[in-house]
Trainee: 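Quick one: structure below, then a few questions.
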Amino acid sequence: MNETLTTILEHRSIRKFKDMPIEADQLDLIIDAARSASTSSYLMAYSMIGVTDPKKKEQLAAISNQPYIKDNGHFVLFLADYHRHMVTASREEKQVIATNVQSTEYFMIATVDATIAAQNMALAAESLGLGICYIGSIKRDMDLVNQLFDLPEHVIPLFGLAIGHPDERQEIKPKLPKRAVYFENSYPSDEEQFTYLQQFDSETEAYYQSRSTNTRSDRWTQQVIQNLHNKRNDRLTPFVKEKKFNNR
Ligand SMILES: Cc1cc2nc3c(=O)[nH]c(=O)nc-3n(C[C@H](O)[C@H](O)[C@H](O)COP(=O)(O)O)c2cc1C
């Protein structure tokens, strides 16, 4: 075991932060960590917006009614971004590039690039003793997020990262065991998977019943089936297409 692995294995999302900002040199370090991530074909098809304007933070928090979107040390919005590539292209190149970046392939590249950069930032922050929580709920009103930050075509918000000095210490949430997520040479049968998931249900049921806050009667399969059963956001598909992503 080393310090890096301890940081990774000790991860838990933090949703209550002390009322203090992140120091400037720490912020620089975690931005550098994000910038250092691997990137498909050296495209670096992502950007980040640090949100320091309290009014904008309020508006983001209102989208999902999650106070830790505004009450934190820093909030970073992660974007899939081909705008800079368009800016550097000549007029003739622009036409071809504008068509290509609308493919599913380039959509995947940008979202993966942004996600890898974000996870580097998250781990860097945690290694400095800060806490983090990813914020996907901004998806509830992408039009508002788009408008708040005046995002051009070929740029879409993906998720946020709330960062700050932790003011809580939750238990680590159980994760699926190795045999349920790591397979060798072939994909397991449904029966095998079912067995692992039943065992994991017992583990998560015990976790929800015994954790120190917000105890409840729940288990993983029940929770995720409910989640996948909920009606999804119908505005997201047209939004992504209007921003010239994933059209081809
Ligand atoms: C892309 C993404 C979006 C998320 N969005 C939210 C969110 O909007 N609000 C929230 O409270 N947690 C959010 N989370 C945190 C997850 O709920 C959390 O990671 C998961 O329950 C596992 O718990 P842990 O991070 O404590 O291990 C998000 C996580 C990811 C990866």
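Read the numbers this way: they start at 1 and go in the same order the structure lists the ligands and their atoms. Just so you know, these numbers come straight off a predicted model, no measurement behind them.
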Trainee: Please verify the inter-ring angle class for Phe159 with Tyr134; under 30° counts as parallel, over 60° as perpendicular, anything in between as tilted.
Mentor: perpendicular

Trainee: Name the residues in contact with ligand 1, where contact means a heavy atom under 4.0 Å away: which are they?
Mentor: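 Close residues (ligand 1, cut-off 4.0 Å): His11, Arg12, Ser13, Arg15, Gln66, Tyr68, Cys133, Tyr134, Ile135, Gly136, Ser137, Lys173, Lys175.
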
Trainee: At what distance, to the nearest 0.5 angstrom, does CG of Leu158 lie from CD1 of Ile135?
Mentor: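 One finds 14.0 Å between CG of Leu158 and CD1 of Ile135.
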
Trainee: Other members of the hydrophobic cluster containing Met1, with the 4.5 Å side-chain heavy-atom rule, please.
Mentor: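 Members besides Met1, by chain and number: Leu5, Leu9.
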
Trainee: Is there a side-chain contact between Met142 and Leu236 in this structure, where contact means two heavy atoms from C-beta onward sitting under 4.5 Å apart?
Mentor: yes

Trainee: Might you work through the side chain to side chain donor-acceptor pair (under 3.5 Å) test for Gln223 and Tyr208, ending with a clear yes or no?
Mentor: CA-CA 11 Å; Gln223 191 183 121; Tyr208 281 118; 2.6 Å; yes

Trainee: Apply the test side chain to side chain donor-acceptor pair (under 3.5 Å) to residues Tyr196 and Glu192: give CA-CA distance (whole Å), side-chain angles for both, the deciding distance (0.1 Å), then the verdict.
Mentor: CA-CA 7 Å; Tyr196 305 152; Glu192 252 182 283; 2.9 Å; yes

